[in-house]
Protein chains: 2
Amino acid sequence: MYEKALETLRNNNVRITPQRQIILKYLINHDNHPSVDTIYEALKQEFSNLSIATIYNTLQLFEKLDIIIALPAEDGGIRYDFFGSPHFHAICDNCGEIEDIDFPNYKQLKQELAKEAMDQAGFQTNKIHIEVFGLCKNCREELAKKR
Amino acid sequence: MYEKALETLRNNNVRITPQRQIILKYLINHDNHPSVDTIYEALKQEFSNLSIATIYNTLQLFEKLDIIIALPAEDGGIRYDFFGSPHFHAICDNCGEIEDIDFPNYKQLKQELAKEAMDQAGFQTNKIHIEVFGLCKNCREELAKKR
DNA sequence: CTTAATGCAAACGATTTGCACCGCC
DNA sequence: GGCGGTGCAAATCGTTTGCATTAAG
């Protein structure tokens with residue numbers, strides 16, 4: 001997983017700097033869908049003179065290389081997610097939490113969507129991106145209690 | 001379509017102001033996926049003292065009421081889309097254009113995704129949101145020429 | 001060595017906010 | 001006529017930029 005991502009960097013002639021390594025490790029080891037600031041706060045302790053501009057740069061780079069994906073968040077900001085295995089996102093309308101849901105039949109779904117896009121608009125699909133919105137388990141239970 | 005949206009406003013005890021009406025009409029009559037600024041530039045001519053803050057307010061309101069949906073754009077900004085009939089979006093990695101693609105089997109797909117979200121996380125799905133990324137027809141042809 | 005990458009601080013710009021006024025219901 | 005909505009301008013804050021410095025390959 002980590003190695004595969006480094007491989008991607010090498011294949012694109014991107015230098016493997018310590019900053020990129022710790023940001024990558026952070027993304028792999030945390031499934032909390034961090035914001036730029038969350039990452040910055042977490043890493044500046046062990047890497048005191050880490051610049052927030054570097055984090056912006058690095059995340060944009062990783063996204064371009066399809067190592068991570070960007071998601072829209074409740075507050076209008078952006079969250080990032082290491083994209084090791086295909087999954088989609090369930091985003092709670094109440095608390096804003098983002099949960100990963102595994103795709104049972106990712107390839108098939110992708111093909112179906114790609115076919116429609118091609119048939120209707122001559123659009124060539126490279127990747128797909130799915131979110132569902134609603135209520136997470138906790139919020140459902142909380143709201144049920146209240147009435 | 002227009003009436004149905006007004007109905008939604010009434011049902012939520014939201015006042016139907018001239019500003020909300022022209023913004024709504026604009027969204028229905030344009031499938032260009034406008035940004036806040038695009039809408040502002042277009043409408044301030046016929047409504048000279050229209051405030052950009054009102055547009056922000058109105059769009060946020062419409063989105064909350066599921067009259068429109070917000071999409072992430074190429075440049076990091078946000079575009080809006082009147083959501084009359086179920087469709088997903090094909091976003092070109094090269095030129096940033098957003099195209100609407102009709103869902104052939106929207107309900108079935110929604111059910112499948114909702115089932116996974118429920119089974120895996122106890123998440124109750126209200127709406128789904130799908131984008132595919134790749135190359136639009138024009139860009140494919142352009143890029144083919146160049147080599 | 002060469003050149004990409006980083007850190008820093010300043011600049012930017014989209015979005016939000018506070019408040020007085022207005023007008024929909 | 002009450003209160004939600006609007007317009008305006010200022011404030012905010014996430015993100016980008018320019019440039020000198022550093023270090024990866």
Side-chain angles (χ1 to χ4, degrees), chain A residues 3 5-26 33-65 67-68 70-80 96, chain B residues 3 5-26 33-65 67-68 70-80 96:
Chain A
E3 273 307 325
L6 289 188
E7 195 59 33
T8 304
L9 295 182
R10 283 192 205 98
N11 291 342
N12 289 81
N13 297 312
V14 172
R15 292 184 183 168
I16 297 170
T17 65
Q19 290 87 340
R20 285 173 180 162
Q21 289 181 52
I22 60 166
I23 293 173
L24 182 55
K25 280 181 188 161
Y26 181 90
H33 306 280
S35 67
V36 168
D37 211 58
T38 304
I39 298 171
Y40 179 60
E41 291 302 321
L43 296 183
K44 77 178 179 189
Q45 296 168 19
E46 61 174 289
F47 216 101
S48 55
N49 61 340
L50 176 65
S51 167
I52 203 160
T54 298
I55 298 184
Y56 277 100
N57 285 337
T58 302
L59 292 176
Q60 284 176 4
L61 173 72
F62 285 176
E63 198 199 351
K64 204 171 303 169
L65 297 177
I67 292 172
I68 62 175
L71 322 161
E74 180 87 340
D75 59 7
I78 298 179
R79 300 287 177 281
Y80 290 92
Chain B
E3 274 307 324
L6 290 188
E7 195 58 34
T8 305
L9 294 182
R10 284 193 205 96
N11 291 342
N12 289 80
N13 296 314
V14 172
R15 291 187 184 166
I16 297 170
T17 64
Q19 290 86 341
R20 284 175 181 161
Q21 289 182 51
I22 60 166
I23 293 172
L24 183 54
K25 279 182 188 161
Y26 181 90
H33 306 281
S35 67
V36 169
D37 211 58
T38 303
I39 298 172
Y40 179 61
E41 292 301 323
L43 296 183
K44 76 177 179 190
Q45 296 168 20
E46 60 175 292
F47 217 100
S48 56
N49 61 340
L50 177 65
S51 167
I52 202 160
T54 298
I55 299 185
Y56 277 100
N57 286 337
T58 302
L59 292 175
Q60 284 176 5
L61 173 72
F62 286 177
E63 198 199 351
K64 205 171 301 167
L65 297 176
I67 293 173
I68 61 174
L71 322 161
E74 178 88 340
D75 60 7
I78 297 178
R79 300 288 178 282
Y80 290 92

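Below, all heavy atoms of this structure are taken into account, side chains as well, without hydrogens, waters or symmetry copies. Residue numbering restarts at 1 for every chain, and letters A, B, ... go by the order of the sequence lines.
- Atom CG of Leu65(B) and atom P of dG4(D) are 16 Å apart (whole Å).
- Between the OH atom of Tyr56(A) and the C1' atom of dT17(D) there is a distance of 13 Å, rounded to whole Å.
- For the pair Leu24(A)/Ile68(A), no side-chain contact is recorded, criterion being any heavy-atom separation below 4.5 Å from C-beta on.
- Nucleic acid contact for Leu50(A): sugar-phosphate only, since backbone atoms but no base atoms lie under 4.0 Å from a heavy atom of the residue.
- Remark: C1' of dT6(D) and CG of Asn49(B) are 9 Å apart, rounded to the nearest angstrom.
- Atom NZ of Lys44(B) is separated from atom C1' of dC8(D) by 14 Å (rounded to the nearest Å).
- By the 4.5 Å heavy-atom criterion applied to side chains, Leu65(A) and Asn11(A) are not counted as neighbours.
- Atom-to-atom distance recorded for Leu61(B):CG and Thr54(B):OG1 is 12.0 Å, nearest 0.5 angstrom.
- Residue Asn13(B) contributes atom CG, which lies 15 Å from atom C1' of dG5(D) at whole-angstrom precision.
- Using a 4.5 Å heavy-atom threshold, the side chains of Phe62(A) and Leu9(A) count as touching.
- Atom CG of Asp37(A) and atom P of dC13(D) are 12 Å apart (whole Å).
- Although no hydrogens or angles enter the test, the distance criterion places no donor-acceptor pair under 3.5 Å between the side chain of Arg20(A) and the main chain of Thr58(A).
- A nucleotide of DNA chain C counts as in contact with chain B when one of its atoms lies under 4.0 Å from a heavy atom; the first and last such, 5' to 3', are dA14(C) to dC25(C).
- Atom CD1 of Ile78(A) is separated from atom C1' of dG14(D) by 10 Å (rounded to the nearest Å).
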Nucleotide N/O to protein N/O under 3.5 Å, stretch nucleotides 21-25 of chain D:
unit_1  : atom_1 : unit_2   : atom_2 : d
dG25(D) : OP1    : Ile16(A) : N      : 2.9

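- Checking Phe47(A) against Ala53(B), the closest nucleotide of DNA chain C that is more toward the 5' end is the one next to Phe47(A).
- Within the 4.5 Å cutoff, the side chain of Val14(B) has no heavy atoms near those of the Arg10(B) side chain.
- Taking atom CD1 of residue Ile39(A) and atom C1' of nucleotide dG14(D), one finds them 14 Å apart after rounding to whole Å.
- Nucleic acid contact for Gln60(B): sugar-phosphate only, since backbone atoms but no base atoms lie under 4.0 Å from a heavy atom of the residue.
- Counting only heavy atoms from C-beta outward, the side chains of Ser35(B) and Tyr80(B) never approach each other to under 4.5 Å.
- Counting heavy atoms from C-beta outward, Leu71(B) and Ile78(B) have side chains that stay 4.5 Å or more apart.
- The heavy-atom pair separating Tyr40(B) from Ile55(B) by the smallest distance is CA-CD1, 3.5 Å.
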